[in-house]
Amino acid sequence: KKTEFGRVQVLLLCCLCCTAFVVNTVSSLASPFYPSDASSFGVSEVVIGVILGMYHLTVFFVAPITPLLINKISVECTLKLGIAVAGVSAILFGFINQFKDIAVFITVSVILRVLQGCGCAFVDTSLYTIISDRFSNNLGKVSGVLTTSVGLGFMVGPPVGGFLYSAGGFFLPFVVMGALTLLMGVFIYLALPSNTETKRSRLFSLYAYVEHDGLEQSIVSGYTDSVEGNHWATIAKDVPFVPTMQLSDSVSLRRILSDPKLLIILLTTIIGSSILGFQEPNLGLFLENCQYGPAAIGGLFLLRDLLFAIGSIIVGYLVDAIGLLYPASGLFLGGLGYLALGPIPPFHANLGTVILGLSITGFAGSIPWVSGLPCLLKATRHLGNKSSLNSQLSGLQNSCLYFGIFIGSILG
């Protein structure tokens, strides 16, 4: 059942989207000017690519284990921790040009990019977990809006970084955006206070499985003791002399990944997100060979990212309207976009084919970002323990998205 947003939900969603926008803007700040500055220190192009790529690789490894932290300290605290790590590491990154030794420069750059990736993994996984819990009746729309904020952050980052770099040098973009990230942490602190309420013996109904004597038993009702951190459930089937038994706080990652349907969705998400990553290293060179200048190339990149943002909202509404939209549909559209971008013989590259190809691939790239999480949640409804699943699936989703971008950049 779809529900209308209340004022508190709207304010919370605005705060979450602003956080996603700022954090992802920070991640893409360095792309216009860091390569040239690093080259002046004698850093090779390969090493520069590795340094910038460490961000996506870190998110890939950290996002799947972020749910462990969420279960330990709560999703609100994990979000605040991620904002703090992202903001502080961004500010420190602004001063790495003070190191004159090339080895120290490279080492500190890698460490800070890894910390930025950790912060982003904490933030993005927490954000998608929060909307899965608090906006479950409108998950498609809300996921589309949040993904649009992420895409806009990536889109705005390079021009903002270039402008601030021109205005105040290397340190200014990182100090300004890092401080803004920490400011968003203050708003998150006010909007999402830690849940300190204690509710003993809170009744709940669910559908899940636990193992008893080697057999899976259905759970239909039970209660939780949040003070002790225990969950108890009544067994539906007849279990002699065992009226209640303890329910695990989380569904194991092995059980989630043992489902072939989930593996197909995650693999599709990786391939779908590589649609945009594939263009990062070679699209600029391709457009230069087509005799386009820097302004035209920047405009075409902006067009692609704008279609990604618009597509995220449209896909979100489609997910809620039709119930489900499989990420694989993005692969089909992405293939058509690349056929137009190439273009496929006997056509020849011109402005029309480039605009058509980038528009289609931009829209296609938004489909796995928005539709992946609702698909995962629907495919795991039988596992129960919804809160734990939300965080684990959000982590897996983010990991696959960023791994796809990383793989796409390497293949490109």
Could you grab the distance from atom [atom1] of [X] to atom [atom2] of [Y], nearest 0.5 Å is fine?
X      : Y      : atom1 : atom2 : answer
Leu79  : Leu127 : CG    : CG    : 5.0 Å
Leu306 : Leu358 : CG    : CG    : 12.0 Å
Ile360 : Arg304 : CD1   : CZ    : 14.5 Å
Phe163 : Leu172 : CZ    : CG    : 9.0 Å
Leu115 : Cys120 : CG    : SG    : 13.0 Å
Leu182 : Ile83  : CG    : CD1   : 9.0 Å

Sub-4.5 Å side-chain heavy-atom contact between [X] and [Y]:
X      : Y      : answer
Leu180 : Val26  : no
Pro64  : Ser399 : yes
Leu307 : Leu303 : yes
Met184 : Cys18  : yes
Pro368 : Thr268 : no

What is the minimum heavy-atom distance between [X] and [Y], and which atoms define it?
X      : Y      : answer
Gly82  : Val123 : C-CG2, 3.5 Å
Gly168 : Phe171 : O-CE2, 3.2 Å
Val62  : Thr66  : O-OG1, 2.9 Å
Leu146 : Ala20  : CD1-CB, 3.8 Å
Ile270 : Ser273 : O-OG, 3.0 Å
Cys15  : Ile188 : SG-CD1, 3.7 Å

Which residues share a ring-ring contact (aromatic ring centres under 6.0 Å, His included) with [X], sequence neighbours left out:
X      : result
Phe363 : none
Phe93  : Tyr34, Phe174
Phe41  : Phe105

Test side chain to side chain contact (heavy atoms under 4.5 Å, CB included) on Ser44 and Val47 and set out the steps.
-> CA-CA 5 Å; Ser44 67; Val47 175; 3.2 Å; yes
Give a yes or no on whether the backbone of [Y] and the side-chain of [X] come within a donor-acceptor separation of less than 3.5 Å.
X      : Y      : value
Thr107 : Val104 : no
Thr125 : Phe122 : no
Ser74  : Ile70  : no

Taking only residues at least two apart or on different chains, which pairs with a member in residues 146-175 satisfy side-chain hydrogen bond (donor to acceptor under 3.5 Å, both in side chains)?
->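 Counting only pairs at least two positions apart or across chains, the side-chain hydrogen bond (donor to acceptor under 3.5 Å, both in side chains) contacts touching residues 146-175 are Asp37-Tyr165, Tyr128-Thr147.
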Got a sec, which pairs hit side-chain hydrogen bond (donor to acceptor under 3.5 Å, both in side chains) with one end in residues 113-123, sequence neighbours left out?
-> Arg113-Gln116
With a cut-off of 3.5 Å and sequence neighbours excluded, list every side-chain donor-acceptor pair involving residues 332-343.
residue: Tyr338; atom: OH; partner: Ile275; partner atom: O; Å: 2.5

